[in-house]
Amino acid sequence: MVSKVTVNLAIPHPFDLTATLESGQAHRWHREGRWYCGVVYGNMLKVRQNHMGIEVFSAPAEPEELIPLLTSYFRLDDNLDVVYQTINRDPLIADMIDRYAGLRLLRQEPWECLVAFICSATSNIPRIGANMEAIADTYGQRITLQCHSRFSFPSADRLAEAGEQALRDIRLGFRAKYLAYAAREVAEGNLDLEKLRSLSYWDAKTCLMDIPGIGAKIADCVLAFSLDKMEAFPIDRWVNRAMQEWYLNGRKMSYEQVVRWAQSYFGPYAGYAQQYLFHGRRLDRRVRGTETRTGK
DNA sequence: CCACGGCCTGATTC
DNA sequence: AGAATCAGGCCGT
């Protein structure tokens with residue numbers, strides 16, 4: 001029997017499922033028309049937004065049981081009005097907020113998020129997704145929902161056991177070594193991701209960056225997208241370009257200098273500002289089809 | 001601190 | 001068409 005609920009959570013502030021799931025934070029969502037299919041915390045989900053809220057199919061847990069999980073995952077506990085008031089410092093960011101109102105950060109599983117962004121180095125969004133699926137297909141558990149099958153995301157233990165060569169074999173490239181190392185550190189308890197929540201942003205970041213293959217950018221992604229550090233400000237080429245052109249007037253600054261600048265400018269929700277800048281810049285490039293290659 | 005080459009691989013560009 | 005180039009970085013020199 002198929003169960004379905006409309007998760008009729010009061011969403012008093014804007015929420016845009018499409019913008020949220022297609023803003024490059026999460027890598028295991030597949031779109032089918034207006035539905036999105038993904039795997040979160042061992043549950044396969046099929047979700048769609050309507051005027052009431054979010055419709056959900058799920059397995060193995062029933063949708064009703066997953067309401068707290070979904071509320072957390074989609075950060076429906078964030079008051080976006082407050083976020084917007086805080087980061088809305090100028091007409092440029094205001095335009096992004098206006099265009100993508102309801103785009104939310106996600107609160108993902110830290111381990112899965114860390115793996116995804118280890119895979120992100122010198123890669124691109126489709127390939128990161130392919131890597132994540134290959135990892136799940138090979139090492140996860142099968143979950144079936146309405147004749148579709150997906151696989152849960154495997155634990156660090158499981159990937160530590162797999163080892164570097166096996167990860168290379170599923171085409172992770174040079175990232176296999178970093179992933180194998182990180183898996184071992186987490187499996188052995190030397191890196192306790194949940195514990196990072198209780199640390200300050202800078203302390204948590206330092207812990208993450210102790211792992212080879214995790215630099216400032218990847219650490220910031222994990223902190224912003226899974227560990228509730230909303231002041232984290234991941235800077236990739238798109239955000240960097242937005243910052244250079246719109247805010248820094250071409251001034252040369254190191255990565256961490258730009259982070260500090262953004263934090264002092266946008267405040268404690270700098271991570272939200274980053275997500276809007278990133279999304280806007282990326283879509284812009286797509287629409288125009290061409291990208292000026294003067295920068296690199 | 002900064003600059004640079006190398007790293008796996010697949011898609012896109014020339 | 002085959003060869004460069006590039007993609008949501010990081011590390012070592």
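Naming: A, B, ... by sequence-line order, numbering from 1 per chain.
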Going by atom types alone, do [X] and [Y] pair a side-chain donor with an acceptor below 3.5 Å?
X         : Y         : result
Ser23(A)  : Tyr100(A) : no
Asp169(A) : Gln165(A) : yes
Asn240(A) : Tyr255(A) : no

Quick one: label [X] by what it contacts on the DNA or RNA (base, sugar-phosphate, nothing), any heavy atom closer than 4.0 Å.
X         : result
Pro212(A) : sugar-phosphate
Ala216(A) : sugar-phosphate
Gly213(A) : sugar-phosphate

**Request:** Anything below 3.5 Å on both distances counts as a pair; with that, list the stems of at least three consecutive Watson-Crick or G-U pairs involving DNA chain B.
**Result:** B:3-7 with C:9-13, B:9-14 with C:2-7
Quick one: [X] [atom1] to [N] [atom2], roughly how many Å, whole number?
X         : N       : atom1 : atom2 : answer
His279(A) : dG8(C)  : NE2   : P     : 15 Å
Tyr181(A) : dG9(C)  : OH    : P     : 23 Å
Glu22(A)  : dG8(C)  : CD    : P     : 16 Å
Lys217(A) : dA7(C)  : NZ    : C1'   : 12 Å
Phe117(A) : dA7(C)  : CZ    : P     : 17 Å
Ile235(A) : dC10(C) : CD1   : C1'   : 15 Å
Met253(A) : dC1(B)  : CE    : P     : 15 Å
Asn131(A) : dA7(C)  : CG    : P     : 17 Å

On a whole-Å scale, what distance lies between the [atom1] atoms belonging to [N] and [M]?
N       : M      : atom1 : value
dG6(B)  : dT5(C) : P     : 13 Å
dT13(C) : dC8(B) : P     : 16 Å
dC6(C)  : dG5(B) : C1'   : 16 Å

**His27(A) and Phe117(A) aromatic ring geometry - parallel, tilted or perpendicular at 30°/60° bounds** = perpendicular
**Request:** Over 60° means perpendicular and under 30° means parallel, so classify the ring planes of Phe266(A) and Phe233(A), tilted if in between.
**Result:** parallel
What does the list of N/O pairs under 3.5 Å between the protein and nucleotides 6-10 of chain B look like, with a distance for each?
{"residue": "dC8(B)", "atom": "OP1", "partner": "Arg168(A)", "partner atom": "NH2", "Å": "3.0"}
{"residue": "dC8(B)", "atom": "O5'", "partner": "Arg168(A)", "partner atom": "NH1", "Å": "3.1"}
{"residue": "dC8(B)", "atom": "O4'", "partner": "Phe174(A)", "partner atom": "N", "Å": "3.2"}
{"residue": "dC8(B)", "atom": "O2", "partner": "Arg127(A)", "partner atom": "NH2", "Å": "3.2"}
{"residue": "dC8(B)", "atom": "O2", "partner": "Arg175(A)", "partner atom": "NH1", "Å": "2.7"}
{"residue": "dC8(B)", "atom": "N3", "partner": "Arg175(A)", "partner atom": "NH2", "Å": "3.2"}
{"residue": "dT9(B)", "atom": "O2", "partner": "Arg127(A)", "partner atom": "NH2", "Å": "3.3"}
{"residue": "dG10(B)", "atom": "OP1", "partner": "Arg171(A)", "partner atom": "NH1", "Å": "2.4"}
{"residue": "dG10(B)", "atom": "OP2", "partner": "Arg171(A)", "partner atom": "NH1", "Å": "2.8"}

**Asked** Looking at Trp246(A), does the NZ or CZ of Arg281(A) lie under 6.0 angstrom from its six-membered ring centre and within 45 degrees of the ring axis?
**Response** yes
**Test: Arg260(A) cationic atom under 6.0 Å from Trp202(A) six-membered ring centre, within 45° of axis** = yes
**Message:** As a quick check of understanding, evaluate side-chain hydrogen bond (donor to acceptor under 3.5 Å, both in side chains) for Tyr201(A) and Asp220(A), giving each step before the final call.
**Reply:** CA-CA 9 Å; Tyr201(A) 163 70; Asp220(A) 278 332; 2.6 Å; yes
**Message:** Under 4.0 Å between a side-chain nitrogen and a carboxylate oxygen: does that hold for Arg34(A) and Glu55(A)?
**Reply:** no
**Message:** Taking ring-ring contact (aromatic ring centres under 6.0 Å, His included) as the definition, give me every residue that meets it alongside Tyr178(A), ordered by chain and number, with sequence neighbours left out.
**Reply:** none
**Prompt:** Which comes earlier along DNA chain C counting from the 5' end, the contact point of Ser123(A) or that of Ile214(A), where each point is its nearest nucleotide?
**Reply:** Ser123(A)
